[in-house]
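First comes the structure, then the notes that go with it.
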Protein chains: 2
Amino acid sequence: MSELLAERAAWTIAELAREFGVTTRAIRFYEAEGMIAPERQGQHRLYHPRDRVRLKLILRGKRLGFTLAEIREIIDLYDREPGEAGQLDHFLEKIAERRAELEQKRRDIALTLDELAEVEGNCRRRLRELGRTDGR
Amino acid sequence: MSELLAERAAWTIAELAREFGVTTRAIRFYEAEGMIAPERQGQHRLYHPRDRVRLKLILRGKRLGFTLAEIREIIDLYDREPGEAGQLDHFLEKIAERRAELEQKRRDIALTLDELAEVEGNCRRRLRELGRTDGR
DNA sequence: TTTAACGTTTACGTAAACGTCAATCATATG
DNA sequence: CATATGATTGACGTTTACGTAAACGTTAAA
């Protein structure tokens, strides 16, 4: 029988590293930075679903070009306590800031994709021209 | 009379720095990396529209988390010569790679925005509850 | 004429994010 | 029992992308 991911409750550091395509060194580094806190079985680390989610969020943030410090702040937004009213306002401001950044990135992506599409169009047109020049 | 941007044909390094919110050091660094090549008027640098476009592309790439090396590759895609057929295939592959990266980033952004929206929803709900608890 | 204001080159410093050993320990397997 | 496998903790090295400071050269204004 295959071991479905959902059935597993814990992973070693090497398993996580393979699954996410990062080194064990990187995973330990994120822990040293206080971004993951795996269980300890004696000397060894044991990663649970919660830790995997964390790692996934970290790597997603990295793909978007956020620094680890920024990623930490974003993750902190996720697992906060309900909190007091005054805190909540400040909290909403932080969320708004992050959203603004993300929307800027989204615009940047749209522009770049448009430009790439144009370059690709030129390229394909040129290819067709060469095809005719070849006498086909 | 105001000097419209479109009328200007050249800028000093300090003007560019102010306009784009970067340091002159950074601009010179991009030049040292071969990403910009401003005209020289004796000792001084003179930036033309073409250089501004370059700088804009560099900064956009940075916002998306690309390294300068990657940004250089992307820019190289833009100002290439038509080229030969064999080169064009390779060229199209490069474009496809970049597009895949950008689309991954776009998915990452969508996910993060969704999560932030959920967190914000919880936050606002909590605020309304507090409002009622306050007796208003 | 001196003193800002703006520019230049050269060079060393630095923060972030790991990479890369080395030494050590536990377990497991032939 | 010896060796291989996988983990651990230091600790120093490396790359990227500039920051920062020194030393110097031009105008331009007081």
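Per chain, numbering begins at 1; letters A, B, ... match sequence-line order. Heavy-atom basis, side chains included; hydrogens, waters and symmetry copies ignored. The structure presented is a predicted model; accordingly, all values stated were derived computationally and were not measured.
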key: salt bridge (Lys or Arg N to Asp or Glu O under 4.0 Å) pairs, two or more places apart, involving residues 56-71 of chain A   = Arg60(A)-Glu115(B), Arg63(A)-Asp108(B)
remark   = Sorted by chain and number, sequence neighbours left out, side chain to side chain contact (heavy atoms under 4.5 Å, CB included) with Ala37(B) holds for none
task = Nearest whole angstrom, please: distance from the C1' of dG6(D) to the CD1 of Ile27(A).
result = 14 Å
message = Rounded to whole Å, please give me the gap between CZ in Phe29(A) and P in dT9(D).
response = 15 Å
ask   = Does Thr23(A) place a side-chain N or O at less than 4.0 Å from the phosphate oxygens OP1/OP2 of dG19(C)?
value = yes
note = Sorted by chain and number, sequence neighbours left out, side chain to side chain contact (heavy atoms under 4.5 Å, CB included) with Glu15(B) holds for Arg8(B), Trp11(B), Thr12(B), Arg18(B)
inquiry  = Restricting to salt bridge (Lys or Arg N to Asp or Glu O under 4.0 Å), what partner residues turn up for Arg126(A), sequence neighbours left out?
reply    = Glu129(A)
task = Tell me which residues in residues 59-72 of chain B put a heavy atom below 4.0 Å from DNA chain D, sorted by number, or none.
result = Lys62(B), Thr67(B), Leu68(B)
side-chain hydrogen bond (donor to acceptor under 3.5 Å, both in side chains) partners for Glu73(A), two or more places apart = Lys94(A), Arg98(A)
key: Atom-to-atom span, CD1 of Ile36(A) to P of dC18(C) - whole angstrom   = 11 Å
note = Per-nt protein contacts along nucleotides 3-14 of chain C (heavy atom under 4.0 Å; B base, S backbone sugar-phosphate only, - none) come out as ----SBB-B---
remark   = Residues passing the side chain to side chain contact (heavy atoms under 4.5 Å, CB included) test with Glu120(A), sequence neighbours excluded, are Arg124(A), Leu92(B), Ile95(B), Arg99(B)
query = Is there a side chain to side chain contact (heavy atoms under 4.5 Å, CB included) between Ile71(A) and Leu57(A) once you walk through the steps?
reply = CA-CA 8 Å; Ile71(A) 293 171; Leu57(A) 290 176; 5.7 Å; no
message = Suppose we screen for side chain to side chain contact (heavy atoms under 4.5 Å, CB included). Which residues come up paired with Ile27(A), at least two apart in sequence or across chains?
response = Ile13(A), Leu16(A), Ala17(A), Val22(A), Tyr47(A), Leu55(A)
